[in-house]
Amino acid sequence: MNDILLMLPGPTTVHPRVLNAMSQAVVNHRGAKYGEILTETTELMSKVFQTPNNSYLLTGSGTAAMEAGIANTVAPGEKMLNVVGGKFGERFMKIAQTHGIDAKELAVEWGTAVTPQAIKEALDEDEDIKAVSVIHNETSTGVAAPIEEIGKVMKNYDALYIVDTVSSLAGDEVNVEKFGIDVCLTGSQKCIAAPPGMAAITFSDDAWAAAEKVETNTFYLDMKAAKKSGDKVPPQTPYTPSVSLTYAMNEALKMVIEEGIDNRVARHHKAAKASVAAVKALGLELFADEAVSSATVTAVKMPEGITDDQFRGTTRDKYGVELAGGQDHLKGNIFRIGHMGNISYKELTQTFAAIGMTLKGLGVIDDAGAGVSSIAESYL
Ligand SMILES: *Cc1c(COP(=O)(O)O)cnc(C)c1O
């Protein structure tokens, strides 16, 4: 096993049960055995998405599902509104532009969340908007968007509601049916805690109706092809899937269901609350607006006078804890603690011990144990 503790917003530590499941014999992906495992896995996936609709596995990372979600449902030239408050919102903009979609940006300050009201106003202003994309958990800034409330607004408009739950599904509350989400997508390596390399997506009836009208402009990610293969008996995927990762997803999703989705979400919220308290106990400042801070990743301002290399280099190389840095203009200005997947007080204690020792060693703080002490109090 890797003796570096991964406290990243993906990939996250993979449980031995999942690693073992992956080592099963690779079978014919056109045969009955794979059909069984695929059926079971996509059914588990729909349970976790909380939708009565079918789910589809895509061999590729989360971005493949982002691209599949847009390219199949919005035609070139059609207008789409994208909430952009970080790196992943920007990615939806870029994917839309790549497919010739008329991509509009609803910009929100990085570190804050979009409001349902802002979306309502944008839709009232322009009735040609065919779809709205929202990143549920903006991993680059540690902010969670109010997707349930936005869903209530979306119900009054024809526009499709496309939600990226790559870093929130199985970690924060996502209920595709209840929230009225038309296209919901996720990845394997975040809260689901499987290895990287698979993505999953589900479409509502409205999304499928939109897909029927869009002329196919992506080959590998063609959802009509995925549906056609998925409807075969036994079900298949259009091209060779990662058989091993299907086993991994199957086992990881079983672990989600065994824990219980609500329990798992509560565990993530508890870890987030404990992390925020420990960050403050160390005298550090949150990057995100605390009222909307994420259940799965905590973004922290880098203390003055130290570099990203000094800080994260030391937590990793000296203390065995790998944290994430900032992206783009936040590089060097923030660090991020991923607390998604199989995370509890043990991992957080180790993490905050590493952060405390590093900061004391660099002369930033006096009390190396303040974070650990706070974690202990939070979990008592
Ligand atoms: C990780 C992530 C993705 C997908 O990234 P991949 O590297 O393609 O797996 C998409 N959206 C969000 C919010 C993410 O955190």
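Remember, it's 1-based here, ligands and their atoms both numbered in the order they're listed. Everything quoted here is computed from the prediction, not taken from an experiment.
- Atoms of ligand 1 lying under 4.0 Å from at least one heavy atom of Asn137, given by number and element, are 13 (C).
- Under the 4.5 Å side-chain heavy-atom criterion for Ile, Leu, Val, Met, Phe, Trp and Tyr, Val134 and Ile162 are members of distinct hydrophobic clusters.
- For Val166, every heavy-atom contact with ligand 1 shorter than 4.0 Å involves the side chain, none the backbone.
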* Assess whether side chain to side chain contact (heavy atoms under 4.5 Å, CB included) is satisfied between Asn53 and Phe203, documenting all intermediate values. => CA-CA 7 Å; Asn53 296 318; Phe203 278 15; over 6 Å; no
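- Near Ser167, meaning under 4.0 Å from one of its heavy atoms, ligand 1 places the atoms 13 (C), 15 (O).
- Not a single heavy atom of His136 lies less than 4.0 angstrom from ligand 1.
- Proximity to Thr63 (heavy-atom distance under 4.0 Å) selects the following atoms of ligand 1: 4 (C), 5 (O), 6 (P), 8 (O).
- Classification of Glu36 and Lys33 as a salt-bridged pair fails, no side-chain N sitting under 4.0 Å from a carboxylate O.
- A donor-acceptor pair shorter than 3.5 Å cannot be found between the side chains of His99 and Thr218.
- Shown are Asp172, Thr139, Asn137; of these, the side chain to side chain donor-acceptor pair (under 3.5 Å) with Thr296 is made only by Asn137.
- Some N or O of Ser61 is nearer than 3.5 Å to an N or O of ligand 1, by distance alone.
- Residue contacts with ligand 1: Gly62 is placed with a nitrogen or oxygen under 3.5 Å of a nitrogen or oxygen of the ligand (distance criterion only).
- In terms of protein heavy-atom proximity, atom 15 (O) of ligand 1 is nearest to Thr139 OG1, 2.4 Å.
- Atoms of ligand 1 lying under 4.0 Å from at least one heavy atom of Met66, given by number and element, are 10 (C).
- Counting only heavy atoms of the protein, atom 10 (C) of ligand 1 lies nearest to Asp164 OD2, 3.3 Å.
- For the residue pair Asp289/Thr112, the side-chain donor-acceptor check at 3.5 Å is not satisfied.
- A salt bridge between Lys331 and Asp308 is absent, with no side-chain N of the basic residue lying under 4.0 Å from a carboxylate O of the acidic one.
- What sits closest to atom 2 (C) of ligand 1 on the protein, heavy atoms only, is Lys190 NZ, 2.5 Å.
- Tyr34 and Thr246 form a side-chain donor-acceptor contact under 3.5 Å, judged by distance and modelled atom types alone.
- For ligand 1 and Ile135, the ligand atoms under 4.0 Å from any heavy atom of the residue are 13 (C).
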